[in-house]
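In what follows, a structure is listed as structure tokens, so that the remarks can point back to it.
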Amino acid sequence: MQVQARNALPLSFFQRPTLELCRELLGKNLCRMRGGELLRLPITEVEAYDGPEDLASHASRGRTARNSVMFEAGGLWYVYLCYGVHWMLNIVTGDKDYPSAILIRGAGEANGPGKVTKELGIKADFNKRPAIPATGLWMEDAGLHVEEHQVKTCPRVGVGYAGPIWAEKPYRFIWTPDAPKPRRGTTGMGSVTRK
DNA sequence: TAAGTGATCTCT
DNA sequence: GAGATCACTTAA
């Protein structure tokens with residue numbers, strides 16, 4: 001039947017502005033074919049690393065052997081080892097020569113970037129490979145629409161070294177399916193949230 | 001809250 | 001080549 005790859009997202013899907021893509025990725029399925037078994041995990045949390053000026057990004061200090069894949073056109077996996085223990089899975093985004101990528105921080109039951117790769121058995125061998133079914137690791141459209149009010153943003157994790165400007169950017173996107181739909185028309189303007 | 005862990009990067 | 005750093009997790 002070969003149905004499994006029908007809704008696979010094409011590489012062109014990732015060749016768009018990173019921040020815009022972050023919202024799109026929430027609710028999409030992260031797919032992994034391993035030993036004849038197909039795993040599908042809905043993406044729940046991501047983080048953007050966008051452009052050469054983003055001081056939190058590996059690309060902020062220019063091109064190196066490790067980060068070179070970030071400079072490619074979107075649709076490739078960027079996988080690297082963190083703290084000597086955990087593999088981080090990123091999808092390269094945007095146009096060629098513009099370094100950017102999105103870190104997959106949560107999918108399915110896995111609620112941390114190191115857990116995602118552990119659950120899916122992802123290591124360095126996926127680095128620089130395209131996100132297509134033939135690779136064994138790709139994404140597909142799950143056919144659901146994530147509403148804007150279900151997307152929560154906040155600063156990225158563990159990037160204090162980037163300085164206040166970049167560390168505080170709301171580049172972390174979390175899918176909160178249970179978030180209440182904002183009332184419309186009533187006592188207005190989404191309440192004056194003073195904090 | 002602290003430590004493990006090893007690739008990578010920035011100096012000598 | 002040596003030393004510091006790090007897009008995290010787990011066990012207290």
Side-chain angles (χ1 to χ4, degrees), chain A residues 14-28 30 32 34 39 41-131 135 137-139 151-176:
Chain A
F14 304 100
Q15 293 157 10
R16 302 157 52 198
T18 309
L19 297 176
E20 176 185 319
L21 198 47
C22 279
R23 294 174 177 274
E24 293 281 333
L25 287 187
L26 296 175
K28 295 288 189 292
L30 181 60
R32 171 85 165 101
R34 190 156 66 138
L39 291 163
L41 304 182
I43 295 172
T44 56
E45 182 179 337
V46 299
E47 259 177 21
Y49 291 86
D50 188 29
E53 308 199 329
D54 181 355
L55 294 181
S57 171
H58 288 168
S60 66
R61 272 172 283 179
R63 194 175 189 132
T64 66
R66 177 175 64 164
N67 68 24
S68 65
V69 68
M70 294 183 76
F71 291 76
E72 296 299 320
L76 304 182
W77 296 115
Y78 172 36
V79 182
Y80 69 92
L81 187 63
C82 183
Y83 293 99
V85 181
H86 303 107
W87 295 98
M88 301 289 109
L89 175 65
N90 304 249
I91 184 73
V92 175
T93 60
D95 295 328
K96 183 166 170 55
D97 295 327
Y98 182 83
S100 56
I102 295 174
L103 171 67
I104 313 289
R105 291 192 58 89
E109 303 301 305
N111 60 348
K115 295 180 186 174
V116 171
T117 53
K118 185 180 178 188
E119 175 145 345
L120 295 179
I122 293 166
K123 296 192 183 130
D125 45 332
F126 284 95
N127 193 34
K128 301 186 180 183
R129 305 195 65 187
T135 304
L137 182 65
W138 71 101
M139 290 191 218
V151 177
K152 178 179 183 241
T153 63
C154 52
R156 293 173 288 187
V157 176
V159 295
Y161 60 86
I165 301 286
W166 290 97
E168 289 169 15
K169 295 254 185 205
Y171 281 5
R172 182 184 182 195
F173 299 78
I174 306 170
W175 182 25
T176 56

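A, B, ... follow the sequence lines: proteins, then strands. Residue 1 opens every chain.
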Identify which nucleotide among [options] has an atom closest to any side-chain atom of [X], counting heavy atoms from C-beta outward.
X       : options                 : result
T64(A)  : dC9(B), dT5(B), dC6(C)  : dC9(B)
R105(A) : dG4(B), dG6(B), dA7(C)  : dA7(C)
C82(A)  : dG6(B), dT10(B), dC8(C) : dC8(C)
K115(A) : dT10(C), dA7(B), dA7(C) : dT10(C)
P113(A) : dG4(B), dG6(B), dT9(C)  : dT9(C)
V159(A) : dG6(B), dA7(C), dT8(B)  : dA7(C)
M70(A)  : dC9(B), dA7(B), dA7(C)  : dA7(C)
H58(A)  : dT8(B), dG4(B), dA7(C)  : dA7(C)
H86(A)  : dC8(C), dG6(B), dA7(C)  : dC8(C)

Is it true that D50(A) and Y98(A) share a donor-acceptor pair across their side chains at a distance under 3.5 Å? yes
What is the distance from [atom1] of [X] to [atom2] of [N], rounded to the nearest Å?
X       : N      : atom1 : atom2 : result
W87(A)  : dC8(C) : CH2   : P     : 15 Å
E45(A)  : dA7(C) : CD    : C1'   : 12 Å
R61(A)  : dT5(C) : CZ    : C1'   : 9 Å
L55(A)  : dC6(C) : CG    : C1'   : 16 Å
Y161(A) : dC9(B) : OH    : P     : 13 Å
Y78(A)  : dA7(C) : OH    : P     : 9 Å
L89(A)  : dC8(C) : CG    : P     : 14 Å
W166(A) : dA7(C) : CH2   : C1'   : 15 Å

One thing to verify: whether R105(A) and E47(A) come together as a salt bridge, which I'm taking to mean a side-chain N less than 4.0 angstrom from a carboxylate O. yes
Using the six-membered base ring of dG4(B), report whether Y83(A) stacks on it, requiring centroids under 5.5 Å and planes under 30° apart. no
cation_pi([X], [Y]) dist<6.0 Å, angle<=45:
X       : Y       : value
R23(A)  : F173(A) : no
R129(A) : Y78(A)  : no
R63(A)  : F71(A)  : yes

How many angstroms lie between atom NZ of K128(A) and atom CD of E72(A), to the nearest 0.5 angstrom? 8.5 Å
Using a 4.0 Å heavy-atom cut-off, does R156(A) contact any base of the nucleic acid, only the sugar-phosphate backbone, or nothing at all? nothing
Is there a donor N/O on one and an acceptor N/O on the other, under 3.5 Å, for the side chain of Y80(A) and the base of dA7(B)? no
Identity of whatever pairs with dA7(C) - Watson-Crick or G-U, under 3.5 angstrom: none
